[in-house]
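Okay, so here's the structure we're looking at.
Chain naming here is simple, since letters A, B, ... match the order of the sequence lines and numbering starts at 1 in each. Just so it is clear, the values below take in all heavy atoms, side chains as well, and ignore hydrogens, waters and symmetry mates. All values reported here derive from a predicted model rather than from experimental measurement.
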Amino acid sequence: MTECYIRVAEDENEEPMEIPSEEDGTVLLSTVAAQFPGACGLRYRSPVSQCMRGVRLVEGILHAPESDWGNLVYVVNYPKDNKRKMDEMDAASAVKIKRGVQKTSDLIVLGLPWKTTEQDLKDYFGTFGEVIMVQVKRDTKTGNSKGFGFVRFTEYETQVKAMSQRHMIDGRWCDCKLPNSKAGPDEPMRSRKVFVGRCTEDMTTDELRQFFMQYGEVTDVFIPKPFRAFAFVTFADDQVAQSLCGEDLIIKGTSVHISNAEPKHNNFFFPSTFFMHLFSNFPGRSPSLAAMFERSQYQFPSSHV
DNA sequence: GTTGAGCGTT
């Protein structure tokens, strides 16, 4: 299958718009969303059954129902029952509606047996409902499990059920809890830039751009080199950025955390107490210390906030 | 090559 245009409309009876496919014949959801903001998928009326059918959507990529898209008119899906156009509301509330009223969040799974794998977790929690993310936290050097992990369900009801009981996993009782990192909402700040934590090394700027396009126009993606497990994404609209803050989003199967690009304290790797200690020991005359401070400034550049 | 309350990224 090759590059083509598929016909897309907001309603079956509305005049369709032609939207380009990719070279492999798939269509990016972001391409649809560029013309129909807030779109979360496509459907079409099957010529055979006369029923509406959903178009397969995997990782932001829409796949043709048969060998090709044909001449069908594809109708835009909007989240839940919200069929209003995005321009009838502000961007922030649109994203909230798009994301549903009851957001699911990552759950920490405590007490895992050392031998339990992510596949084990997926198999176990899959009996409760659809699972969209599992992680087993491991020592980066040895690969040994740290005995805890994370799980994320599609449905909020599933999450509630999972938290309401203990879990026997590979012979041990485990608990699902809301992680401490979700304790309080992030402070609001009017920035167009968000901090994307827990990035994996295989995420490219293009992929991040493709992913975040679904929420609004992306003006910049910055991934520090060498790899530091985080990125900055800038939106054209600060309300879009703000609406995502505090969210856990799943990119390529990994849960990333969105927070403000300018937290109160950038003190994880360079705590101020660390500097104070150094300064007190070597009062103001260490070239290497100055160089280190320079690096820390570079790693948290004000130009990226 | 161990262990058994915790907490993922800046």
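- Regarding A:Lys141, its NZ atom lies at a distance of 12 Å from the P atom of B:dG1, rounded to whole Å.
- Judged by distance alone with a 3.5 Å cut-off, a donor-acceptor contact links the side chain of A:Asp106 to the base of B:dG8.
- Partners of A:Phe153 by ring-ring contact (aromatic ring centres under 6.0 Å, His included), not counting sequence neighbours, listed by chain and number: A:Phe125.
- Taking atom NZ on A:Lys225 and atom P on B:dT10, their separation rounds to 17 Å, with Å as the unit.
- The side chain to side chain donor-acceptor pair (under 3.5 Å) contacts involving residues 126-135 of chain A comprise A:Glu130-A:Thr154, A:Gln135-A:Lys137, where partners must be two or more places apart or lie in separate chains.
- Scored by the side-chain contact (heavy atoms from CB on, under 4.5 Å) test, A:Thr31 finds A:Ile19, A:Pro20, A:Glu22, A:Leu28 as partners (sequence neighbours excluded).
- Between the CD1 atom of A:Ile108 and the C1' atom of B:dA5 there is a distance of 11 Å, rounded to whole Å.
- One can place CZ of A:Arg228 at 13 Å from P of B:dT9, the figure rounded to the nearest angstrom.
- Each of A:Leu121, A:Val134, A:Thr158 was compared with A:Val151 under the side-chain contact (heavy atoms from CB on, under 4.5 Å) criterion, and only A:Val134 meets it.
- Grouped with A:Trp114 in a hydrophobic cluster is no other residue, since no side-chain heavy-atom contact under 4.5 Å to another Ile, Leu, Val, Met, Phe, Trp or Tyr is found.
- Distance, A:Arg138 CZ to B:dG4 C1': 16 Å, rounded to whole Å.
- We find that the ring of A:Phe148 and the base of B:dG6 do not stack by the test of centres under 5.5 angstrom and planes tilted less than 30°.
- Between A:Lys252 and A:Asp202, at least one side-chain N (NZ, or NE/NH1/NH2) sits under 4.0 Å from a carboxylate O, which counts as a salt bridge.
- Atom CD in A:Glu201 sits about 14 Å away from atom P in B:dT9, given to the nearest Å.
- To the nearest angstrom, P of B:dT9 lies 14 Å from CG of A:Asn180.
- DNA chain B is contacted by both A:Gly197 and A:Gly147; A:Gly147 maps to the nucleotide lying nearer its 5′ end (nearest heavy atom per residue).
- For the pair A:Phe195 and B:dT9, the ring geometry does not qualify as stacking, because the centroid separation below 5.5 Å and plane angle under 30° are not jointly satisfied.
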List the atom pairs, donor and acceptor, that lie under 3.5 Å between side-chain atoms in residues 167-174 of chain A and the rest of the protein, sequence neighbours left out.
from	atom 1	to	atom 2	distance (Å)
A:His167	ND1	A:Tyr124	OH	2.8
A:His167	NE2	A:Ala162	O	2.6
A:His167	NE2	A:Gln165	O	3.3
A:Asp170	OD2	A:Thr116	OG1	2.7
A:Arg172	NE	A:Gly111	O	2.9

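- Distance from the side chain of A:Asp248 is smallest to B:dG8 among B:dC7, B:dG8, B:dT10.
- For the pair A:His257 NE2 and B:dC7 C1', the computed distance is 13 Å after rounding to whole Å.
- In the region residues 111-131 of chain A, proximity to DNA chain B at under 4.0 angstrom, judged on heavy atoms, holds for A:Gly111, A:Leu112, A:Pro113, A:Trp114.
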